[in-house]
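Every chain is numbered from 1 and lettered A, B, ... according to where its sequence line falls, protein lines coming before strand lines.
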Amino acid sequence: MKKAYKPQSIEAKWQKEWARTGVYRQYDRKKKFYVLDMFPYPSGAGLHVGHPKGYIATDVLARMKQLQGYGVLHPMGWDAFGLPAEGYALKHKVHPEKAVKENIAVFKKQLQKIGFTYDWEREINTTDPEYYRWTQWIFLKLWEKGLAYESEEPINWCPKCLTGLANEDLEQGKCERCGSAVEKRPLRQWVLRMTKYADRLLRDLESRELEWPEAIKEQQRNWIGRSEGAEAVFYITDTEEEVRVYTTRLDTIFGCTYVVLAPEHPLLSVLEKKIANLAEVRKYIKKAQSKSDLERTELAKEKTGVELASIEAVHPFTGERLPVYVAEYVLGGYGTGAVMGVPAHDERDFEFALKYQLPIETVIVPFAEKNQESLPARLEGRIKNQDEAKDAYTEDGILTDSQEFSGLASADARKRMTAWLAKETLGKKKVNYRMRDWTFSRQRYWGEPIPLIHCGKCGVVPVPEKDLPVKLPNVKSYEPTDTGESPLASIKPWVNVRCPQCQGPAKRETNTMPQWAGSCWYYLRYIDPHNKKALVDNKKEKKTMPVDVYVGGTEHATRHLLYARFWHKFLYDIQAVSGQEPFKKLVNQGLILASDGRKMSKRWGNVINPDDIVREFGADAFRLYEMFMGPFGQSIAWNTDGVVGARRFLEKVWKLQEKVVSGKEKAARKNSIENLLHQTIKKVTEDIENFKFNTAVSSLMIFINALEKEKEVSSIHYSQFLILLSPFAPHIAEELWQLLGHKKSIFLAGWPQYDAHLLKTETANVAVQINGKVRAVLVVETGSSEDDVKASALKDAKVRAHIAGKTIRKAIYIQDKILNLVI
RNA sequence: GGGCAGGUGGUGGAAUGGUAUACACGCCAGUCUUAGGAACUGGUUCCGCAAGGAGUGAGGGUUCGAGUCCCUCCCUGCCCACCA
């Protein structure tokens with residue numbers, strides 16, 4: 001009896017050995033493979049068993065790719081700026097820098113116990129000045145190209161986090177971090193002109209090179225929210241002013257019975273003198289603006305508004321004079337901040353019209369109705385009595401009551417009416433995006449300082465590149481303030497500088513960057529982490545990019561993944577990188593839930609620490625279990641009992657070494673184990689490639705179950721199996737490999753290839769069906785002909801019983817699988 | 001309200017239109033005796049003693065054959081949501 005399987009000692013031994021020999025650093029190989037995890041925030045809680053799931057998956061893939069001869073880059077680092085890290089520091093009364101350092105040490109130690117192939121010489125940390133030097137450098141380039149601008153527009157303000165937020169940081173009008181209702185607050189902000197890249201961000205999603213889950217692409221498409229429509233001009237009578245409205249339904253414009261402005265619309269202040277009921281209007285605007293976004297949307301389902309008395313707008317097609325309203329159901333930030341009210345064909349306008357007794361005029365009828373008798377009645381069209389109106393008809397159809405456009409289909413009408421507007425200079429075709437520019441400054445301490453200087457004489461002046469990085473100063477209090485300024489503003493010696501241009505007195509920008517900044521380009525830094533001259537060496541970048549496989553959660557669909565694509569395209573435009581997309585293939589992992597079905601969280605007290613699992617069952621069993629739990633992309637509840645199964649499997653593998661006999665290569669040929677081995681090689685190889693780890697593991701188990709039934713196991717078969725196992729359970733595989741007498745690491749052996757001839761077994765089980773129901777299973781020689789199988793089927797007692805007295809009308813035969821007799 | 005992903009044993013789940021429930025957990029029975037989470041053997045979708053029948057959220061359809069394809073509907077999860 002050989003010694004028992006003791007994972008703890010084996011694992012520690014090999015982790016040390018792999019670190020010593022650097023067996024994973026094979027970067028000079030011809031073929032490259034870049035496999036990347038979304039790097040974590042080193043939070044104070046440490047890892048729970050959910051975190052490593054994605055890391056194990058990339059590690060399995062990285063190990064297989066290395067065995068297949070690729071030079072694999074598989075790095076890890078820390079996304080340590082931003083509110084989570086700062087929140088932790090504030091709560092525990094330690095400086096964020098110190099807290100981050102401690103937390104990283106914990107995370108790293110936890111990760112190392114699981115036996116990953118990470119090249120720790122390439123570890124990066126977004127809060128390291130040598131890293132954020134380049135984050136600042138990219139910002140300066142954005143500024144140089146006019147893609148970073150200052151704005152005073154009201155922005156989202158979180159009253160609890162005391163900072164401005166980007167649209168992407170909101171979840172149903174609430175702060176994504178703390179859940180507070182977000183207010184609108186006018187504040188000087190730095191904003192990135194992401195909308196300039198909207199079209200490219202959208203278009204490149206369709207590239208065939210981009211192997212992303214459809215769900216994520218769809219989320220990005222919806223987030224970007226491209227809409228094609230038209231702007232139409234409504235003049236205001238007795239003034240020089242005009243209202244431009246944006247609509248995607250220009251075909252309905254003959255049904256427009258009023259015009260609505262958002263409370264933020266600039267025309268409201270321009271027209272002040274003309275508005276007869278100014279006090280009432282002002283009161284309404286003030287009330288609307290004091291509301292949070294949440295109140296304006298979720299809570300304020302009922303439409304409200306105020307008519308601008310004595311103001312009239314002129315319909316561009318009919319010349320009709322229409323009332324003008326201000327109403328908060330119109331969004332200030334989208335389109336022109338003004339819409340035409342078409343109650344008959346828009347649900348919101350319909351609701352508003354009912355409330356304020358505005359006319360509802362039908363100008364579109366459904367296509368199907370065009371031949372119906374009721375059409376003349378509808379053509380008259382105008383629903384005078386509001387009690388009759390039940391619904392807005394919002395589909396496309398045929399136009400009526402629309403002068404020369406009557407009778408046209410909606411799509412055609414939109415084109416012709418847009419052309420008419422353009423000809424009359426009363427409007428034009430217009431594309432709008434739901435996505436907004438990225439509010440990029442935060443009034444918090446723990447972020448990259450924005451490297452700009454404000455000079456009374458020269459205006460905004462960039463910090464010269466040679467003076468980067470602009471380091472975060474030490475500060476006594478990094479608590480946020482409610483002043484709209486970052487805590488940095490109070491550090492006079494840091495704020496007051498000489499203007500780099502005129503040498504006069506000037507002040508530093510005190511806002512910092514959002515937590516997403518550092519993660520926008522980190523994948524590039526891993527390629528060349530110690531480069532002092534550039535963010536990445538061009539040649540190295542070209543050789544290594546794009547990231548071949550990127551693994552992480554879906555929650556980053558419209559933030560990190562969109563921001564990073566935006567920055568990457570910008571870096572491409574300034575020739576800092578060679579490709580337009582950073583991540584070729586994207587794979588989302590599902591969450592590991594706690595055994596109670598909820599998310600793992602300190603709050604629920606249901607967190608499982610990987611350290612405990614590794615200590616009890618070993619890292620290999622832990623890795624194997626996480627891959628075996630179920631489909632990789634699916635959320636599944638943790639079950640510690642399941643780890644037992646993985647451990648039992650490894651015990652079986654361990655025990656099998658007793659049965660191994662050498663020199664059995666020839667004898668091993670042409671037996672069923674040989675067939676099964678080659679089927680297993682094929683299955684495991686394809687499944688790892690496709691992230692179907694659960695079925696890869698199950699096929700390894702099937703193979704081992706078969707070996708257990710044998711008296712002897714060929715060392716050739718056993719060795720090949722160990723290689724297949726090694727990506728999942730690297731430590732035990734390496735140990736057994738060495739015990740077999742191999743001198744070099746298993747990770748330098750080649751990945752086995754399957755032989756197509758050896759996939760086939762000598763016999764096949766053919767199911768005999770009568771009218772589609774299985775009645776018997778025949779064991780036949782592989783590749784038997786239909787006649788042979790039919791003949792033996794007809795000898796089978798059960799089959800005969802079922803066809804007794806009936807005629808066989810038809811037979812369908814699928815070789816080695818099915819014979820279906822239709823009677 | 002819109003988009004996306006799903007619904008299969010007691011549980012996690014498997015299944016290029018071709019023997020539904022692989023693999024694993026749990027459970028049941030047995031062997032051996034408790035030395036390390038024992039191990040091993042057998043069983044485990046449901047109804048039925050059996051023969052047999054039913055069966056992948058519901059109902060229809062296509063097909064020799066449907067968990068898989070098509071239609072109608074129900075339910076669950078995630079994302080977005082007054083974007084004109």
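Glycosidic conformation of rG6(B) is anti; the angle lies outside 90° of 0.
Proximity note for Glu708(A) (side chain, C-beta onward) versus rA81(B), rC25(B), rC40(B): the nearest is rC40(B). The nucleotide whose nearest atom lies closest to any side-chain atom of Trp223(A) is, among rA81(B), rG37(B), rA84(B), rA81(B). For Ile702(A), the listed nucleotide lying nearest its side chain is rA22(B); candidates were rA22(B), rA84(B), rA14(B). Of all nucleotides listed (rA84(B), rG37(B), rC80(B)), rC80(B) comes nearest to the side chain of Arg434(A). Comparing rG26(B), rC4(B), rA22(B) by their nearest atom to the side chain of Asp641(A) picks out rG26(B). Across rG53(B), rC64(B), rA84(B), the shortest atom-to-atom separation from the side chain of Asn820(A) is found for rC64(B). Minimum atom distance to the side chain of Thr247(A) is reached by rA84(B), of the listed rC23(B), rG18(B), rA84(B). For Gln769(A), whose side chain is taken as the heavy atoms from C-beta onward, the closest listed nucleotide among rG18(B), rA15(B), rC40(B) is rG18(B). Ranking rA20(B), rG13(B), rC64(B) by closeness to the Val774(A) side chain, first place goes to rA20(B). Comparing rA14(B), rC64(B), rA24(B) by their closest approach to the side chain of Phe628(A) singles out rA24(B).
When Watson-Crick and G-U wobble pairs are counted only if both distances are under 3.5 Å, rC78(B) pairs with rG3(B). Shown here, rU21(B) forms no base pair; nothing in the strands shown gives a Watson-Crick or G-U wobble contact with both key distances under 3.5 Å. Base pairing analysis places rG37(B) opposite nothing; no Watson-Crick or G-U wobble pair with both distances below 3.5 Å involves it. Both distances falling under 3.5 Å, in either a Watson-Crick or a G-U wobble arrangement, occur for no nucleotide opposite rA15(B). Using the Watson-Crick or G-U wobble rule with both distances under 3.5 Å, rC27(B) pairs with rG43(B). Under the Watson-Crick or G-U wobble criterion, with both distances below 3.5 Å, rC69(B) is paired with rG61(B).
Taking the C1' atom of each, rA14(B) and rC23(B) are spaced 7 Å apart, rounded to whole Å. rC74(B) and rA58(B) are spaced 15 Å apart, taking the P atom of each and rounding to whole Å. With P as the reference atom, rG7(B) and rG57(B) are 8 Å apart, rounded to whole Å. Here the separation of rC82(B) from rA15(B), taken at their C1' atoms, is 46 Å to the nearest Å. Nucleotides rC69(B) and rU56(B) place their P atoms 15 Å apart, quoted to the nearest Å. Comparing rU31(B) with rA22(B), their C1' atoms sit 27 Å apart, to the nearest whole Å. rU19(B) and rA66(B) have their P atoms separated by 12 Å, given to the nearest Å. Between the C1' atoms of rU68(B) and rG42(B), the separation comes to 34 Å (whole Å).
Atoms CG (Asn639(A)) and P (rG10(B)) sit 17 Å apart, rounded to a whole Å. In this structure, the CD atom of Glu616(A) is 8 Å from the C1' atom of rG37(B), given to the nearest Å. Taking atom NZ on Lys692(A) and atom C1' on rA22(B), their separation rounds to 13 Å, with Å as the unit. Atom CG of Asp346(A) and atom C1' of rG1(B) are 13 Å apart (whole Å). To the nearest angstrom, C1' of rG6(B) lies 16 Å from CD of Glu214(A). Atoms CG (Leu821(A)) and P (rG65(B)) sit 13 Å apart, rounded to a whole Å. At whole-Å resolution of the value, CE in Met701(A) and P in rG13(B) are 15 Å apart.
Remark: side-chain polar atoms of Lys303(A) are not paired, donor with acceptor, to backbone N or O of Phe350(A) under 3.5 angstrom.
Between Arg648(A) and rG26(B), a side-chain N or O to OP1/OP2 separation shorter than 4.0 Å is present. Side-chain N/O atoms of Asn222(A) include none lying less than 4.0 angstrom from OP1 or OP2 on rG2(B). Dashed line: the shortest gap from a side-chain N or O of Tyr334(A) to OP1 or OP2 of rA84(B) is under 4.0 Å.
At a threshold of 4.0 Å, the pair Lys790(A)-Asp787(A) does not count as salt-bridged, since none of the basic side-chain nitrogens sits closer than that to a carboxylate oxygen. Salt-bridge formation is not detected for the pair Glu351(A)/Lys355(A): no Lys NZ or Arg NE/NH1/NH2 atom is positioned less than 4.0 Å from an Asp or Glu carboxylate oxygen. Under the 4.0 Å criterion applied to side-chain N and carboxylate O atoms, Lys196(A) and Asp437(A) are not assigned as salt-bridge partners. With respect to Asp596(A) and Arg598(A), a salt bridge is recorded, a charged nitrogen being found less than 4.0 Å from a carboxylate O. A salt bridge is defined here as a Lys NZ or Arg NE, NH1 or NH2 lying under 4.0 Å from an Asp or Glu carboxylate O, and Glu231(A) with Lys430(A) meets this definition.
In the region residues 226-234 of chain A, proximity to RNA chain B at under 4.0 angstrom, judged on heavy atoms, holds for Ser227(A).
Pro7(A) has its side chain out of reach of Ile732(A): every pair of non-hydrogen atoms, C-beta onward, lies at least 4.5 Å apart. Between Tyr625(A) and Val697(A), every side-chain heavy-atom pair lies at or beyond the 4.5 Å cut-off.
When only modelled atom types and interatomic distance are considered, Asn606(A) and Trp638(A) share no side-chain donor-acceptor pair under 3.5 Å.
Close placement of the Tyr325(A) and Phe352(A) rings is indicated, their centers lying within 6.0 Å of each other.
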